[in-house]
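Okay, so here's the structure we're looking at.
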Amino acid sequence: MVKRVRGSTTGRPIMALLDLLGRRWTLRIVWELREEPRRFREIQDLIGASPTIVNTRLAELREAKLVELDEAAGYRLTALGKELLRLFLPLHVWSEKWAKATS
């Protein structure tokens, strides 16, 4: 059984993950960390969310072992976070096709 995340009621791994990723700004933070570590203020500026929300989402992502804080470089994806991002890349490619088809 996976540790429940705030707002998750089932405790099933896929549902806990979807509950976590479905929170506003969570996927955007993961996406912005895809290429390099970023400091808190940079993340906040990139996504346009309040400091409280950014802090909460980063704490949740750290607790989920998807993001870690390197004191010298800033926040970065862990190995699990990078693996999750790789799973989203085919969706990114598809979304580019979809955007062209619907414009």
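Start at 1 with the first residue, then count along the sequence. All values derive from a computational prediction rather than experimental measurement.
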(request) Report the C-alpha separation of Ile43 and Leu33 in whole Å, then their side-chain angles, then the decisive distance to 0.1 Å, and conclude whether the side chain to side chain contact (heavy atoms under 4.5 Å, CB included) test is met. (result) CA-CA 8 Å; Ile43 295 168; Leu33 295 175; 4.0 Å; yes

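- Proximity of Ile53 to Arg24: side-chain heavy atoms (C-beta onward) are nowhere separated by under 4.5 Å.
- Nearest heavy atoms, Pro51 versus Phe40: O-CZ, 3.4 Å.
- A salt bridge links Glu60 with Arg57: at least one charged nitrogen is closer than 4.0 Å to a carboxylate oxygen.
- Pairs passing the side chain to side chain donor-acceptor pair (under 3.5 Å) check and including a residue from residues 92-103, sequence neighbours excluded, do not occur.
- Expressed to the nearest 0.5 Å, how far CD of Glu42 lies from OH of Tyr75 amounts to 13.0 Å.
- Taking hydrophobic clusters as Ile, Leu, Val, Met, Phe, Trp and Tyr residues chained together by side-chain heavy-atom distances below 4.5 Å, Leu21 does not share a cluster with Leu87.
- For the pair Glu68 and Arg76, the salt-bridge criterion is met [side-chain N within less than 4.0 Å of a carboxylate O].
- Separating the CD1 atom in Ile47 from the CD1 atom in Ile29 is a distance of 4.0 Å, to the nearest 0.5 Å.
- With rounding to the nearest 0.5 Å, the separation of CG in Leu27 from CZ in Phe88 is 5.0 Å.
- Put simply, CG on Leu17 and CZ on Arg12 are 14.5 Å apart, with the number rounded to the nearest 0.5 Å.
- By the rule that hydrophobic residues join a cluster once side-chain heavy atoms approach within less than 4.5 Å of another member, Leu84 and Val93 end up as members of separate clusters.
- Between Ala73 and Pro37, the shortest heavy-atom contact is O-CB, 3.7 Å.
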(message) For Trp25 and Thr56: C-alpha separation, side-chain torsions, deciding distance, then whether side chain to side chain contact (heavy atoms under 4.5 Å, CB included) applies.
(response) CA-CA 10 Å; Trp25 303 116; Thr56 300; over 6 Å; no

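- Note that the CG atom of Leu18 and the CE atom of Met15 stand 5.5 Å from one another [nearest 0.5 Å].
- Glu32 is linked by a side-chain hydrogen bond (donor to acceptor under 3.5 Å, both in side chains) to Arg28, counting only residues two or more places apart in sequence or in another chain.
- Classification of Glu63 and Lys65 as a salt-bridged pair fails, no side-chain N sitting under 4.0 Å from a carboxylate O.
- The side-chain hydrogen bond (donor to acceptor under 3.5 Å, both in side chains) test applied to Arg41 returns Asp45, not counting sequence neighbours.
- Here the closest heavy-atom approach between residue Arg39 and residue Glu71 is recorded as NH1-O, 3.7 Å.
- To the nearest 0.5 Å, atoms CG (Leu20) and CG (Leu61) are separated by 5.5 Å.
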